[in-house]
Amino acid sequence: MPGEPPISPDERLQVEFNRWAEQGRGEEMERHHLDITEKTIRLMNLRPGERVLDLGCGAGWATRLLARLVGEGPQGFGQVVGVDVSDEMIRHARQASKDFDNVMFVWGSAQQIPWEENYFDKVLSVESFYYYADQDRALAELFRVMAPRGRLFILINLYQDNPYSLRWVDELAVPVHARSEAEYLQLLKRHAFEHVEARRIPDETPTPEDYSGKWFKNAAELREFKRIGALLLIASKPDLRTPAPGYTIY
Ligand SMILES: C[S@@+](CC[C@H](N)C(=O)[O-])C[C@H]1O[C@@H](n2cnc3c(N)ncnc32)[C@H](O)[C@@H]1O
């Protein structure tokens with residue numbers, strides 16, 4: 001419409017993922033992402049008392065898995081914060097998490113994480129990072145909110161080296177990045193992360209013989225996609241404290 005201000009990338013993501021949330025797709029994603037997320041969570045080596053961020057938390061099922069692992073222990077009372085650009089996903093996540101007293105859900109963008117600096121011991125982000133319009137800014141924000149020696153775990157199914165994921169680029173209603181593993185490793189190092197590594201996390205759930213969805217041509221493709229697996233990027237923040245930001249308005 002002439003005269004209307006253009007919609008920002010984050011607003012576009014908010015509209016699209018609010019639609020997903022209203023269709024129940026936030027909850028549905030647990031079935032699709034659980035196997036690879038559980039394998040990732042095992043690698044996170046979580047301990048009671050730790051502070052964890054679930055970035056792009058959707059309906060919050062993984063946030064609750066994390067919360068059970070960091071709850072109460074000798075190191076104190078662990079806490080998990082879920083952040084998502086979709087306020088409707090956040091609403092669903094809060095609704096389903098009423099029994100948890102160590103979980104909090106906050107509406108906000110990866111590009112301006114609504115939290116203080118040097119806070120989180122661990123960060124998990126499942127199937128979300130390729131949507132961030134400005135991945136550089138998101139990494140700068142992650143670096144800021146992570147504690148010194150904090151550990152970052154970014155799990156993505158859409159990346160250049162899994163050719164079966166690339167058809168999603170045209171099917172999704174919002175723009176996405178399809179970088180390669182090598183590009184992501186470089187990006188993390190450019191943002192001063194240490195101990196940067198990549199792993200492949202295959203999805204070992206059984207594949208039905210009669211696949212008829214739109215994301216793959218057939219069951220054989222889906223099986224191959226799952227065998228190649230998701231890309232897990234792991235990195236650490238060096239042992240330094242990030243100064244408080246100034247008053248830059250983005
Ligand atoms: C495919 S869903 C995955 C949700 C959840 N992690 C799961 O596995 O069920 C992607 C999620 O990332 C969120 N997201 C996309 N862009 C975002 C951004 N810039 N900042 C925060 N969240 C974002 C979406 O709203 C959506 O909930």
Side-chain angles (χ1 to χ4, degrees), residues 9-10 12-13 15-17 19-21 23-44 54-59 61-62 84-86 89 110-111 123-136 138-139 142 152-188 196-235:
D10 275 350
R12 195 168 167 189
L13 288 162
V15 170
E16 175 62 4
F17 284 104
R19 201 172 60 84
W20 283 40
Q23 294 169 347
R25 291 168 73 181
E27 291 76 15
E28 210 178 273
M29 281 187 279
E30 176 170 5
R31 190 161 51 86
H32 300 300
H33 303 160
L34 184 63
D35 182 83
I36 56 173
T37 301
E38 281 183 333
K39 288 171 178 152
T40 301
I41 289 177
R42 279 199 284 278
L43 293 171
M44 290 175 77
D54 181 5
L55 186 60
C57 62
W61 57 269
D84 203 285
V85 78
S86 155
M89 286 287 187
Q111 294 178 195
V123 177
L124 175 67
S125 179
V126 177
E127 274 296 271
S128 186
F129 196 73
Y130 52 83
Y131 290 106
Y132 307 161
D134 188 343
Q135 293 181 316
D136 274 300
L139 284 180
L142 282 168
L152 172 62
F153 296 80
I154 297 175
L155 183 65
I156 47 173
N157 258 328
L158 197 174
Y159 62 106
Q160 196 59 235
D161 314 84
N162 189 339
Y164 302 101
S165 69
L166 298 179
R167 71 158 51 216
W168 304 355
V169 176
D170 295 327
E171 292 288 346
L172 287 161
V174 284
V176 289
H177 297 276
R179 294 184 200 262
S180 66
E181 175 183 307
E183 286 168 336
Y184 276 123
L185 291 176
Q186 251 182 21
L187 196 65
L188 283 158
V196 175
E197 59 169 300
R199 297 192 188 193
R200 298 295 167 88
I201 310 289
D203 179 342
E204 289 163 319
T205 55
T207 304
E209 284 307 320
D210 57 345
Y211 176 82
S212 61
K214 70 170 179 177
W215 304 107
F216 301 94
K217 243 191 243 152
N218 50 43
E221 250 195 21
L222 170 57
R223 210 170 294 118
E224 195 52 16
F225 161 83
K226 287 161 69 172
R227 188 193 62 75
I228 295 171
L231 174 63
L232 173 62
L233 300 161
I234 308 178

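Fair warning: this is a prediction, and the values are worked out from it, not measured in the lab.
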Atom pair CG/CD of L222 and E209 - distance to nearest 0.5 Å: 10.5 Å

Separation of E224 CD from T207 OG1 (nearest 0.5 Å): 10.5 Å

Whether W168 and W215 hold their rings parallel, tilted or perpendicular, with breakpoints at 30° and 60°: perpendicular

V15: partners by side chain to side chain contact (heavy atoms under 4.5 Å, CB included), with sequence neighbours left out: I7

Side chain to side chain contact (heavy atoms under 4.5 Å, CB included) partners of E27, counting only residues at least two apart: A59, H92

Under 3.5 Å: donor-acceptor pair, side chain of S128, backbone of S125: no

Side chain to side chain contact (heavy atoms under 4.5 Å, CB included) evaluation trace for L124 with T37: CA-CA 9 Å; L124 175 67; T37 301; 4.3 Å; yes

With sequence neighbours excluded, residues passing ring pair (Phe, Tyr, Trp, His ring centres under 6.0 Å) with Y130: none

Any donor-acceptor pair under 3.5 Å from D84 side chain to C57 backbone: yes

Short side-chain to backbone donor-acceptor contact, H177 and Q135, under 3.5 Å: no

Spatial distance of atom CZ (R223) from atom OH (Y211) [nearest 0.5 Å]: 12.5 Å

Donor-acceptor contact below 3.5 Å, side chain N162 vs main chain F225: yes

Derivation and outcome, side chain to side chain contact (heavy atoms under 4.5 Å, CB included), residues L187 and L233: CA-CA 11 Å; L187 196 65; L233 300 161; over 6 Å; no

Check: Q111 main-chain N/O paired with Y132 side-chain donor or acceptor under 3.5 Å: no

For A182, all residues meeting side chain to side chain contact (heavy atoms under 4.5 Å, CB included), sequence neighbours excluded: S180

Pairing residues for Y159 by the ring pair (Phe, Tyr, Trp, His ring centres under 6.0 Å) criterion, not counting sequence neighbours: none

Closest heavy-atom pair and its distance - I36, P202: CG2-O, 3.9 Å

Stepwise side chain to side chain contact (heavy atoms under 4.5 Å, CB included) check, Y131 with D10: CA-CA 9 Å; Y131 290 106; D10 275 350; over 6 Å; no

Residue pair F129 / A138: nearest heavy atoms and the distance that separates them: CE1-CB, 4.2 Å

Salt bridge flag under 4.0 Å for residues E30 and R25: no

Any side-chain heavy-atom pair of E28 and H32 under 4.5 Å: yes

Contact check, side chains of I234 and V196, non-hydrogen atoms, under 4.5 Å: no

Worked check of side chain to side chain contact (heavy atoms under 4.5 Å, CB included) between Q160 and R179: CA-CA 5 Å; Q160 196 59 235; R179 294 184 200 262; 5.9 Å; no

Salt bridge (charged side-chain N to carboxylate O under 4.0 Å, His left out) partner of E204, chosen from K226, R227, K39: K39

Flag side-chain contact, heavy atom, 4.5 Å: I154 against L152: yes

Note, R12 side chain near P175 side chain (heavy atom, < 4.5 Å): yes

Atom of P163, atom of I228 and distance for their closest heavy-atom approach: CD-CD1, 4.2 Å

Heavy-atom side-chain proximity of V126 to L34 below 4.5 angstrom: no

Under 3.5 Å donor-acceptor, E181 side chain and L231 backbone: no

Validation row: L232, L43 side chains within 4.5 angstrom (heavy atoms): yes

Partners passing side chain to side chain contact (heavy atoms under 4.5 Å, CB included) against N218 (at least two apart in sequence or in another chain): A220, E221

I41 side, atom CD1; F153 side, atom CZ - distance, nearest 0.5 Å: 10.5 Å

Euclidean distance, Q23 CD relative to F17 CZ, rounded to 0.5 Å: 11.5 Å

